[in-house]
Amino acid sequence: MAAEKQLNVSDQVAVDITKMNKWYGAFHVLRDIDLTVYQGERIVIAGPSGSGKSTLIRCINALEEHQKGKITVDGTLLSNDLKNIDKIRSEVGMVFQHFNLFPHLTILENCTLAPIWVRKTPKREAEEVAMHFLEKVKIPEQANKYPGQLSGGQQQRVAIARSLCMRPRIMLFDEPTSALDPEMISEVLDTMIQLAEEGMTMLCVTHEMGFARKVANRVIFMDQGQIVEQNEPEEFFNNPKSDRTKLFLSQILGH
Amino acid sequence: MARDQLAFVRTHMLPEAPPPTAQTGAVKWLRENLFSSPGNALLTLVSAYVVFQIVISTAPWFINGVWESPSLTACREILDGKMGGCFAVLTERWNQLLFGFKYPSELYWRPGLAFVLLFIAAAPVLFGKIFPRKMLIFTGLYPFIAYWLIWGGSVLVPVFAILGVLVGAFTYSRVVTISAGVAVIAAFVAALIFWILSGYVTGPMENVMAIQAVASRDMGGFMINLMLGVVCVSLSLPLGILLALGRQSSMPIIKWICVVFIEFIRGVPLITLLFVANVVLAYFLPPGTNFDLILRVIIMITMFSSAYIAEVIRGGLAALPRGQYEAGDSLGLDYAQSMQLIILPQALKISIPGIVNVAVGLFKDTTLVSVISMFDIVGMIRGPILASSEWNGVYWELFGFACVLFFITCYGISQYSQWLERQLRTDHR
C-alpha cells in the first residue's frame, strides 16, 4: 500500500472497518465500506456533500450506529455494549465543525473535564496537562476565559487541545475549518500539521486540499456512500483514475 | 469623480478613540423621556395628575389607620367617621395569621426558629459562591431539624429518618458499581424498609427525649403556606428534572411512564388533586392508617408542580444544540456524567425563568388548601377571623396583608432568579 512508504507509519492497525453499511431509515448512506488505518497514518477524506464522509468518521467513535459490518478500533470491536463504546470514545479524539465547546465552562475546565471524570486524573495534574496542550495550540493566556469570548479559530484550537488532553491514540476531524473565517483557517491547519508531524493517527474530513497534499499519506475520495478512489496525495491530485474524482477535483480546484 | 481618485491607500491606521462624551443631566433626561414632543408632554401631565389623585385618595386610609383596637366597632369609634384602615386586626390577630389558631402559643418560637434556620440552610444552595461548601451539611440536616421543631415529638423520629437516608446512601454506594439505575431503586427500597421497621421502635418510644408534639391539624396561618411552598419547590425541582430526562429516555417503559404522568397531572386542576388528597385517598388506604393530611397535600402539590417543571426543563433540553451531547459522548463521558456536567447545567440555566414562574405560581397556589378546610393564611382570614364577632367585615386590611406577604416572597424569588441569571452569563464578561 502506498501509505506504508511514508515515515511514521507502523504496521499496527489503528482502525479496521470491514463491509460496513449504514442506513438512515431506508436511505443507504454508507455502502460496503472497507478501510484499514494504520497507527501513525494521516488520512484525508474528501468528497461532495452528502457523500457520507462525515457519517463514516462518526461511525468510528459510535456517534452514529452502523447496521452491518465490523468496526475495530485499537483492537476493540465496536459493539452495543455501552462500557465498550465509552472506552473507545475515550481513546478516540474528535474535533467538530462547530467546535462544540462547553459554553458554561472556562477554557481550562473544558480541557480538564473529561480527564478528571473519565480518566479519574487528579485535578491539579489534569490542569497541568491542559495547560501543556493549551500552550501547544498557542492560547495558554485564554485559559480562564469562556468559549464565547474567543474567536472561531481560537475556539477550534481549544477543541483540539480538549481532545488531546485525553491522550487519544486516534484523532478524528469533521470539517474542522468549514465554519471558520478565511483568516482563521491557517491557524487551525497549522495546529493540525504540527499534530501530524508528531505522528498522531488522523482521519480528517476536509475540503482543504492544500492540507491534504502537505500532510496526508492517503487521500480517500467518497461519493454516494462509497469509497470511489484512494491513493497517496501526489497520485491522487495529479493522476486521478476515476471520472468522478476527475470531475470533483476540477470543480474544487477549478478557480 | 475622476478615475484616478478611486485608488486609495491608507498610510496610517486610526487609533482607537473614545465615544463622543454623552450629554448628561436631569434636565436632558426629563426632556428626552418625558417631554420629547407636545403629545408626550400632555401624556406626562395627565399621568402625573392620575398618580397624584390616587395618592391623595388612598393616603388618608393609611395615615389615619388604627393599629390598636380590640374590635371593628371600637376601631370605627376611634376613627369617628374619618376614612382610615383598621389595621388593628393585624396586630390583634398577628399570631393567628402567622401560626393558625390552634398552635400552642408558648411554642411559637419553634416554627420561628425553624424559619430563621431556613435562611442559613438555603444560603449555600442559593449563593454557592459566597458561602462555604461545608454549610451544605447543615442544609442536609435542616429538613429533619425543621420537622422536629415544628411537629415536635420524640427526637428519635428525625434521627431514624436521617439513619434511613444513610442506609439508602450506603446501599447506593454498594450497588452503584453494577448499575446506577438499579442502585437508585435499591437505595430507595432499603431506606423505605428501614423507615417502616424503625416505626416499630419509635412507636412505643414516642416519649423518649420528646418535646411537646403538635398535630398537623393544629397548624395554620402563613406558616402552612411557607412550609408547603418551600417543601414542594425543593422536592419538585429534582423530580421535575428526572421526569424531563425520563421523557427523553430511549427506554420505552421509562419514557411512557413519564409521558403519562406528566400529561395526566397537567390535564387535571390542582384543586381536584387536593380534594383527592383530602377525601378520596382515605378510601384507598387501609383502614386505620393515619396518613398525615399535610403530607398528602405535599405529595399532591409536588406531583402537580413537578409535571410543569419537567416540561419547562424539557424546553431547556431541546434548546441545546445536538453538538453538546455529541461533544460529551465523544470525550467518553457516560450518560450520568454528561447530563450532570454538560447538559443539565446549560438546560437548567435556560429554564430558570420558566422554573421560577412555576415556583412562584406554586407558592401562591398553596392558598388553595383553604378549600379543603386547612387554615392557611387565607383559610384563617375567611374562617376564624372574619367569622368572629369582633372583626366581621374587615376585608381590605386582611387580604391586603396577605397580598403583601405573598408579594414580598414572590418578588424576592424573582429578584433572586434575575441575579442568578446574571451570575451564570458567560458570553460577554
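On a predicted model such as this, the values are computed, not experimentally measured, just so you know. Throughout, protein chains are lettered first and strands after them, A, B, ... in sequence-line order, and every chain is numbered starting at 1.
Ranked by heavy-atom pairs shorter than 4.5 Å toward chain B, the options A:E91, A:Q97, A:R162 are led by A:R162. Counting heavy-atom pairs under 4.5 Å between each of A:V92, A:L113, A:N61 and chain B puts A:L113 at the top.
Both the backbone and the side chain of A:H104 have a heavy atom closer than 4.5 Å to some heavy atom of chain B. Neither the backbone nor the side chain of A:I88 comes within contact range of chain B, judged by heavy atoms closer than 4.5 Å.
The stretch residues 247-261 of chain B places none of its residues near chain A, where near means some heavy atom under 4.5 Å from a heavy atom of that chain. Against chain A, the residues from residues 334-359 of chain B that qualify, each with a non-hydrogen atom under 4.5 angstrom away, are B:D334, B:Q337, B:Q340, B:L341, B:I342, B:P345, B:Q346 in number order.
Minimum interatomic distance between A:F96 and B:A327 (heavy atoms only, all atoms of both residues): CE1-CA, 3.8 Å. Nearest heavy atoms, A:V118 versus B:G332: CG2-O, 3.6 Å.
Applying the 6.0 Å contact sphere to CD of A:E183 captures no more than 12 heavy atoms from other residues, nucleotides or ligands. For B:Q418, the CD atom is densely surrounded, since the number of other residues' heavy atoms within 6.0 Å is greater than 12. Taking a 6.0 Å sphere around CZ of B:F188, one finds it holds 12 or fewer heavy atoms contributed by other residues, nucleotides or ligands. Within 6.0 Å of OH in B:Y416 there are more than 12 heavy atoms belonging to other residues, nucleotides or ligands. The local environment of CG in A:D81 is crowded, with over 12 non-hydrogen atoms from other residues, nucleotides or ligands closer than 6.0 Å.
Once rounded to the nearest 0.5 Å, the distance linking CZ of A:R89 with CG of B:L331 reads 10.5 Å. Here the CG atom belonging to A:L172 is positioned 9.0 Å from the OG atom belonging to B:S330, to the nearest 0.5 angstrom. Atom CD in B:E326 sits 4.0 Å away from atom CZ in A:R58 (nearest 0.5 Å).
A:I85 has its side chain out of reach of B:D329: every pair of non-hydrogen atoms, C-beta onward, lies at least 4.5 Å apart. Within the 4.5 Å cutoff, the side chain of A:P103 has heavy atoms near those of the B:Q324 side chain.
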